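Everything below concerns the one structure shown next.
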Amino acid sequence: AAASQPAAAAAAPQPAAAAAPFFNPKTGVLTLSSPQELEEIRENPSRFNTAKKIVFKGDDIATIPEECFANWKNLESVEGNVSNVGIRSFYGCTELSKVDLPETNVIGEAAFGLCKKLREVQLPKVTIIEDYSFLDCSELTRIFIPNATTIGKGAFKDCNSLKTIRKIKNKCIIGEEAFSGCKNLTRINECGAKEIGKRAFFKCIKLENISDLEHVKSIGDEAFSGCIVLNSDINLNRATSIGMKAFKNCKNLVGISAPRVKKIKKLTFKGCARLELERTKFAEGCTFDPTAFNNSSLMINDKNELVPRR
């Protein structure tokens, strides 16, 4: 009989991959200072996605790549120097609670979307917040974005714990549905926006006061519709356009001054039950859609004049 073949030698165990010098697995801290390190993370995310904290150091990282840290389930905080946060960079990081990026200029689309435990955002130099950047960050209570010039569509939509906005920069453009459904938002201090988009504050049911709307030139359809406790006088001295249903069912609104607006559209002030004629002013010769003040304390008479409802 043929001699039996000797058994194959057992394969020698492979040495474990050396820990990257920028990651400390014991503390969970990831300290990043170069684009090469970000590229290594993108190529081998499973080696690093247990990180609890990310610190960006130095000035060499300009942009966080698209989806670089998306769905990292242990990440709790992000801080440091980086210019641009890419699309969906931290999307779905459900344990992320704090973001402090003092040098960041741009927050990409959906960058922090569905970060359900995110509570505080400090972005003092950000100028552009793209669409859905903080969508449904349901525990977000405070945001500091004093230099934002663009707040994109749905940027803070359904951030149900957001209570106050400290400052919105002069001439900022607030996009469609930017703060829609922020049901605990009560106050906006220093709202210097130039444009307020369609449904921007739709059904912000606890919004009581907005100060400094002097720079607003246009308000989109349904922008404040359903803001049922909004009770401040609204001064829109530079506005030339107010959209349909813009203040529909703002039941506690008592006055609005818009001396440059020449046309009031369909259902714009429907259900505004406390509007006072002496505190409500539009351009001389302003025309009114017949439905503009349906079910409100004011009405349009046969001469197309605004008068108290009888």
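Quick caveat, the model's predicted, so the values are computed rather than measured. Atoms considered below: every heavy atom in the structure, side chains included; atoms not considered: hydrogens, waters and symmetry mates.
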To the nearest 0.5 Å, tell me how far [X] [atom1] sits from [Y] [atom2].
X: Lys53; Y: Asn24; atom1: NZ; atom2: CG; result: 12.0 Å
X: Lys245; Y: Phe269; atom1: NZ; atom2: CZ; result: 15.0 Å
X: Glu208; Y: Cys227; atom1: CD; atom2: SG; result: 11.5 Å
X: Thr127; Y: Ile151; atom1: OG1; atom2: CD1; result: 11.0 Å
X: Ser34; Y: Glu39; atom1: OG; atom2: CD; result: 10.5 Å
X: Ile168; Y: Asp212; atom1: CD1; atom2: CG; result: 10.5 Å

Is it true that [X] and [Y] have a side-chain N and a carboxylate O under 4.0 angstrom from each other?
X: Lys157; Y: Asp136; value: no
X: Arg47; Y: Glu40; value: yes
X: Glu177; Y: Lys153; value: no
X: Arg88; Y: Glu67; value: yes
X: Lys52; Y: Glu76; value: no
X: Arg199; Y: Asp221; value: no

Counting C-beta onward and ignoring hydrogens, is there a side-chain heavy-atom pair between [X] and [Y] closer than 4.5 Å?
X: Glu176; Y: Lys198; value: yes
X: Val216; Y: Glu195; value: no
X: Ile242; Y: Leu236; value: yes
X: Arg310; Y: Met299; value: yes
X: Ile64; Y: Phe56; value: yes
X: Phe90; Y: Val85; value: yes
X: Ile165; Y: Asn189; value: no
X: Leu207; Y: Ile188; value: yes

Looking only at non-hydrogen atoms, find the nearest pair between [X] and [Y] and report the distance.
X: Ile264; Y: Cys286; result: CG1-SG, 3.8 Å
X: Asp158; Y: Cys182; result: N-SG, 4.4 Å
X: Pro25; Y: Phe23; result: CD-O, 3.3 Å
X: Cys137; Y: Leu118; result: SG-CD2, 4.3 Å
X: Leu140; Y: Glu120; result: CD1-N, 3.9 Å
X: Ser241; Y: Lys265; result: OG-NZ, 3.9 Å

Under the criterion side chain to side chain contact (heavy atoms under 4.5 Å, CB included), I'd like the reasoning laid out for Lys171 against Thr149: C-alpha separation, chi angles, the key distance, then a yes or no. CA-CA 7 Å; Lys171 300 183 181 180; Thr149 57; over 6 Å; no

Assess whether atom [atom1] of [X] is packed by more than 12 heavy atoms of other residues, nucleotides or ligands within 6.0 Å.
X: Arg166; atom1: CZ; answer: no
X: Glu278; atom1: CD; answer: yes
X: Arg309; atom1: CZ; answer: yes
X: Asp59; atom1: CG; answer: no

In terms of the angle between their ring planes, are Phe201 and Phe179 parallel, tilted or perpendicular, with boundaries placed at 30° and 60°? parallel

Lys206 and Asn184: side chain donor to acceptor below 3.5 Å: yes

Side-chain donor-acceptor contact under 3.5 Å, Asp289 with Thr291: yes

Do Asn147 and Val126 pass the side chain to side chain contact (heavy atoms under 4.5 Å, CB included) test, and can you show the C-alpha distance, the side-chain angles, and the key distance before you say yes or no? CA-CA 6 Å; Asn147 287 298; Val126 157; over 6 Å; no

Any sub-3.5 Å donor-acceptor pair from [X]'s side-chain atoms to [Y]'s backbone N or O?
X: Thr268; Y: Ala292; result: no
X: Ser161; Y: Thr141; result: no
X: Asn301; Y: Glu305; result: yes
X: Thr186; Y: Lys163; result: yes
X: Asn84; Y: Gly86; result: no
X: Ser133; Y: Ala155; result: no

Answer with yes or no whether the hydrophobic clustering places [X] together with [Y]; edges join I, L, V, M, F, W, Y residues whose side-chain heavy atoms lie under 4.5 Å apart.
X: Leu298; Y: Ile300; result: yes
X: Ile234; Y: Met244; result: no
X: Phe224; Y: Phe282; result: yes
X: Leu135; Y: Phe69; result: no
X: Ile143; Y: Tyr91; result: no

Step by step, would you call Phe22 with Ile41 a side chain to side chain contact (heavy atoms under 4.5 Å, CB included)? CA-CA 11 Å; Phe22 52 85; Ile41 289 169; 4.1 Å; yes

Pairs under 3.5 angstrom only: tabulate donor-acceptor contacts from the side chains of residues 98-115 to other protein residues two or more places apart or in another chain.
from: Glu103; atom 1: OE1; to: Lys125; atom 2: NZ; distance (Å): 3.0
from: Thr104; atom 1: OG1; to: Val82; atom 2: O; distance (Å): 2.7

Trace of the side chain to side chain contact (heavy atoms under 4.5 Å, CB included) decision for Val261 with Thr240: CA-CA 5 Å; Val261 173; Thr240 57; 5.6 Å; no

Which donor-acceptor pairs under 3.5 Å do the side chains of residues 246-259 make with protein atoms, sequence neighbours left out?
from: Asn252; atom 1: OD1; to: Arg274; atom 2: NH1; distance (Å): 3.1
from: Asn252; atom 1: ND2; to: Ile228; atom 2: O; distance (Å): 2.8

